[in-house]
Protein chains: 2
Amino acid sequence: MIGQEADVYRQLKQYFSKYITVSDEQTSVFCSKFKHRRTKRGEVLLRAGEVAPYSYFVNKGCLRVYMMDAEGRESTRFLVFENCIGTAFPSFTLQEPSMAYIQSVEPSEILYITHKDFNEMLDTFPVWERIYRIDLEREYIASIRRIESLITMDAKQKYNMLMNTNPSLIQRLPSKIIADYLGISQETLSRLKSKK
Amino acid sequence: MIGQEADVYRQLKQYFSKYITVSDEQTSVFCSKFKHRRTKRGEVLLRAGEVAPYSYFVNKGCLRVYMMDAEGRESTRFLVFENCIGTAFPSFTLQEPSMAYIQSVEPSEILYITHKDFNEMLDTFPVWERIYRIDLEREYIASIRRIESLITMDAKQKYNMLMNTNPSLIQRLPSKIIADYLGISQETLSRLKSKK
DNA sequence: TTCCAGATTTGACAAATGTCAATAAATCAT
DNA sequence: ATGATTTATTGACATTTGTCAAATCTGGAA
């Protein structure tokens, strides 16, 4: 049992020490702020209008951050896979009502931390701010790449890019989600796949 | 003369103390790392393929970070206006060759800092890391909003949004740049403006 | 002022993509 | 396994947007 519990934080600990060295004591403190839970396929963790209370680290599975327009059409803003941390970022950071939903697209195993704990750690541990800052840089760079692809590429180019950079994503997720992640209709995506 | 020199850093000092309190001594150290220069209209500060050596704070004017495809078509990734800091972010941060160009679209007055100084300050001053981290959060949130608009809106919606959130930008910049910032052709933009 | 270079607008047409509807395929719960 | 429900594909067509070319407008230099 102890072995199993320890295992729950194994990936998170790796995540902390990915770019910098963190002492065992600090790692323990950081982990202690994260609670563990499992989610069901399709489970909605946050609805638009709510203030995001948590940020999520994915041990296993996949979370999807998406918006819905007045006609019920969905657009996927971000996908959070194994060993990544994510949330409805503007809402979590500014503690404002969210424009986005968060949904577990697969049965998942996640660790989550409250905004309060997250920010207290920023004030208490410079190392935590360092870890977070480096993570922000990576996330921001990824979002810049995404913006570039959205303003410069047509549907086929965007799909090919995803094939090259993230082929597992295509195999794993329903094409409906791939389509609205790319900002194209599922019919267009379906045609791209057959035509090549 | 002393008064004029001090004035050059006035906006930068305000920028530092926008979200947190910074001592005068620290502010002085931070400012000392930024050099001052003026740019001409159209001047190119960075070319694709080069590693971005500097990050720029704009006192006056506007910088444009843009990409160019094989056919010479340009896409504006970001615009940096007064009292904002910006650069070819992935290149500056990772010190890799840039995919983007940086150009001064107006005669501008800027302060710039080297990557080395920037990172040394991160290791020396936790306050600097804090300032940078908060700035990253804001920039990242802005980029998320931009991604949302790119995947959910058509050309007219994107233009209307820009009109509402940033009307000065439309008056100030040539419509060619507005168009490739929105990821649409200048002809489409021109038609949108006349129709509604 | 006058002229020129660049920017903007407009028109005609082509290409890409979206929408709607019907069908086929896959997945889930029982 | 089997039916029910969701998801994916395909076709026909409408709409949006891009492309190219020409015309018009604009601001700065001589």
Exercise. Given side chain to side chain contact (heavy atoms under 4.5 Å, CB included), test Lys60(A) with Gln11(A) step by step and report yes or no.
Key: CA-CA 10 Å; Lys60(A) 190 170 183 328; Gln11(A) 291 159 268; 5.9 Å; no
Practice problem: Check whether any side-chain N or O of Thr188(B) sits under 4.0 Å from OP1 or OP2 of dT17(D), and answer yes or no. | Solution: no
Quiz item: By a strict heavy-atom criterion of less than 4.0 Å, which residues belonging to residues 174-187 of chain B are in contact with DNA chain C?
Solution: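 Correct list: Pro174(B), Ser175(B), Lys176(B), Glu187(B).
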Send over the distance from [X] [atom1] to [N] [atom2], rounded to a whole Å.
{"X": "Lys193(A)", "N": "dT7(D)", "atom1": "NZ", "atom2": "P", "value": "14 Å"}
{"X": "Lys158(B)", "N": "dG18(D)", "atom1": "NZ", "atom2": "C1'", "value": "13 Å"}
{"X": "Tyr159(B)", "N": "dT17(D)", "atom1": "OH", "atom2": "P", "value": "15 Å"}
{"X": "Lys156(B)", "N": "dT17(D)", "atom1": "NZ", "atom2": "P", "value": "9 Å"}
{"X": "Arg41(A)", "N": "dT6(D)", "atom1": "CZ", "atom2": "P", "value": "11 Å"}

Quiz item: Across the strands shown, which category fits Arg73(A) at heavy-atom distances under 4.0 angstrom: base, sugar-phosphate, nothing?
Solution: sugar-phosphate
Practice problem: Kindly give the heavy-atom pair with the smallest separation between Gly61(A) and Glu82(A), and that separation in Å. | Solution: N-OE2, 3.0 Å
Exercise. Would you kindly check whether a donor in the side chain of Arg191(A) faces an acceptor in the base of dG11(D), or vice versa, at under 3.5 angstrom?
Key: yes
Exercise. Would you kindly confirm whether Ile147(A) and Tyr66(B) end up in one hydrophobic cluster when ILVMFWY residues are joined by side chain heavy atoms under 4.5 Å apart?
Key: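 No; tracing contacts between hydrophobic side chains, which count when under 4.5 Å, never links both residues.
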Quiz item: According to a 4.5 Å side-chain heavy-atom criterion applied to Ile, Leu, Val, Met, Phe, Trp and Tyr, with indirect links allowed, do Tyr101(A) and Leu63(A) form part of one hydrophobic cluster?
Solution: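 Result: no, two separate clusters.
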Practice problem: For side chain to side chain contact (heavy atoms under 4.5 Å, CB included), just list the numbers for Leu169(B) and Phe81(B), CA-CA rounded to whole Å, side-chain angles, deciding distance to a tenth of an Å, and then say yes or no. | Solution: CA-CA 9 Å; Leu169(B) 190 151; Phe81(B) 288 104; 3.6 Å; yes
Quiz item: Remaining members of Met161(A)'s ILVMFWY cluster at a side-chain heavy-atom cut-off under 4.5 Å?
Solution: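 Once heavy-atom contacts under 4.5 Å are chained together, Met161(A) belongs with Met153(A).
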Self-check item: Check: Phe57(B) ring centre within less than 6.0 Å of Phe34(B) ring centre
Solution: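 That pair fails the under 6.0 Å test.
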Quiz item: Taking the six-membered ring where the residue is Trp, are the ring centres of Phe118(A) and Phe92(A) under 6.0 Å apart?
Solution: yes
Quiz item: First contact, last contact: which nucleotides of DNA chain C are these for chain B, 5' to 3', heavy-atom distance under 4.0 Å?
Solution: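 Contact span on the strand: dT8(C) to dA12(C).
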Self-check item: Heavy-atom check, side chain of Ile85(A) versus side chain of Tyr15(A), under 4.5 Å
Solution: yes
